[in-house]
Amino acid sequence: MTSSQVSPGDGLPPFGGGGVGVDRYGPTMMIRPSGTWREGVAEEARGLAAGTLDPEHAYMAGLFPEALLAATDVVLQDFETDFRALAEPSDVQVMEMVKRVVLALNAVNESFDHAAYETGEREQLCEYIDQVLANSGIDVSALTARHGIDRHAITDEWREW
């Protein structure tokens, strides 16, 4: 098991891990993007220490400093926790939760000179938000259709990263 995973039944994940919990459909395993990035940094460090990775090809620690990973973890943990607290959320509540997590990620991005999340990271974060919703029983396609937006554009109204 990597540092970005926990096993089903562990309840809420440890700081920096994946989001595991019992949702409306039973146990689920969600790996936070920040957990994946943290594992990449650790894997790169192991390669450097073992001499199997040329330092010229080491870039993960620069792209994903621990302060960025920690700040992203806090935002995503809060989103998971707050969303799970909603018994049967309305469309308005779901969209407000999406807005809140996006605005919090905007703040993290801003604190890293608007360079925290590039294209790949943006896609992973958006997919994670979608996954949290879907794993909580939200029909994301139906929700976005009711709001006249594409499923993959659910964060666009507020996203600055």
Side-chain angles (χ1 to χ4, degrees), residues 1-41 63-161:
M1 188 174 321
T2 68
S3 63
S4 63
Q5 297 175 330
V6 292
S7 60
D10 285 346
L12 288 176
F15 187 75
V20 175
V22 177
D23 64 19
R24 291 174 180 88
Y25 297 109
T28 62
M29 172 71 76
M30 294 183 293
I31 307 298
R32 289 187 198 127
S34 49
T36 302
W37 306 333
R38 183 176 279 108
E39 185 59 33
V41 170
L63 285 176
F64 304 110
E66 183 56 35
L68 168 64
L69 298 175
T72 303
D73 278 336
V74 168
V75 168
L76 297 180
Q77 176 65 59
D78 288 350
F79 174 61
E80 295 163 16
T81 301
D82 292 349
F83 199 84
R84 284 190 183 114
L86 300 174
E88 292 191 29
S90 66
D91 281 9
V92 170
Q93 289 173 308
V94 172
M95 294 303 287
E96 183 58 36
M97 295 296 290
V98 171
K99 178 181 178 180
R100 192 176 336 167
V101 70
V102 170
L103 293 177
L105 290 167
N106 286 349
V108 171
N109 190 51
E110 184 177 332
S111 72
F112 285 88
D113 298 322
H114 300 277
Y117 311 122
E118 300 298 332
T119 301
E121 294 79 24
R122 178 183 69 232
E123 291 173 1
Q124 291 171 1
L125 288 165
C126 289
E127 178 62 30
Y128 185 76
I129 291 166
D130 185 279
Q131 185 179 19
V132 169
L133 299 179
N135 285 350
S136 297
I138 303 301
D139 182 339
V140 181
S141 293
L143 169 73
T144 55
R146 288 190 297 271
H147 289 268
I149 56 176
D150 180 76
R151 177 181 185 145
H152 301 288
I154 195 168
T155 64
D156 289 1
E157 182 177 347
W158 311 286
R159 186 168 38 82
E160 296 175 359
W161 29 274

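If you're wondering where the values come from, they're calculated on a predicted model, not measured in any experiment. Throughout, residue positions are numbered sequentially from 1 according to the sequence presented.
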Does the side-chain contact (heavy atoms from CB on, under 4.5 Å) test come out yes or no for I154 and L143, once each step is laid out?
-> CA-CA 9 Å; I154 195 168; L143 169 73; 3.9 Å; yes
Are the side chain of [X] and the backbone of [Y] linked by a donor-acceptor contact shorter than 3.5 Å?
| X | Y | result |
| --- | --- | --- |
| Q93 | S90 | yes |
| Q77 | V74 | no |
| D113 | A115 | no |
| S111 | V108 | yes |

Flag side-chain contact, heavy atom, 4.5 Å: [X] against [Y]:
| X | Y | value |
| --- | --- | --- |
| T144 | D150 | no |
| I31 | Y128 | no |
| F64 | E121 | yes |
| L68 | L63 | no |
| W158 | V98 | yes |
| P33 | Y117 | no |

From [atom1] ([X]) to [atom2] ([Y]), nearest 0.5 Å:
| X | Y | atom1 | atom2 | value |
| --- | --- | --- | --- | --- |
| L133 | I129 | CG | CD1 | 8.0 Å |
| M95 | I138 | CE | CD1 | 11.5 Å |
| E96 | L103 | CD | CG | 8.5 Å |
| T155 | E160 | OG1 | CD | 11.5 Å |
| D73 | E66 | CG | CD | 7.5 Å |
| N135 | R84 | CG | CZ | 8.5 Å |

Ignoring hydrogens and angles, state whether a donor on the side chain of Q124 or W37 is under 3.5 Å from an acceptor on the partner side chain.
->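 Yes.
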For R151 and S141, does a side-chain donor sit closer than 3.5 Å to a side-chain acceptor?
->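 Side chains of R151 and S141: pair found under 3.5 Å.
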Please lay out, stage by stage, how F79 and R100 fare under the test side-chain contact (heavy atoms from CB on, under 4.5 Å).
-> CA-CA 8 Å; F79 174 61; R100 192 176 336 167; over 6 Å; no
What is the minimum heavy-atom distance between F112 and A67, and which atoms define it?
->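 Heavy atoms only, the tightest pair is CZ-C, 3.7 Å.
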Non-hydrogen atoms of S34 and L76 that approach each other most closely |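 The pair with the smallest heavy-atom distance is OG-CD1, 4.2 Å.
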Please report the C-alpha distance between T72 and V75 in whole Å, then the side-chain angles of each, then the deciding distance to 0.1 Å, and finally whether the side-chain contact (heavy atoms from CB on, under 4.5 Å) criterion is met.
-> CA-CA 5 Å; T72 303; V75 168; 5.7 Å; no
Let me see the working for R38 and V41 under side-chain contact (heavy atoms from CB on, under 4.5 Å), right down to the final yes or no.
-> CA-CA 5 Å; R38 183 176 279 108; V41 170; 5.7 Å; no
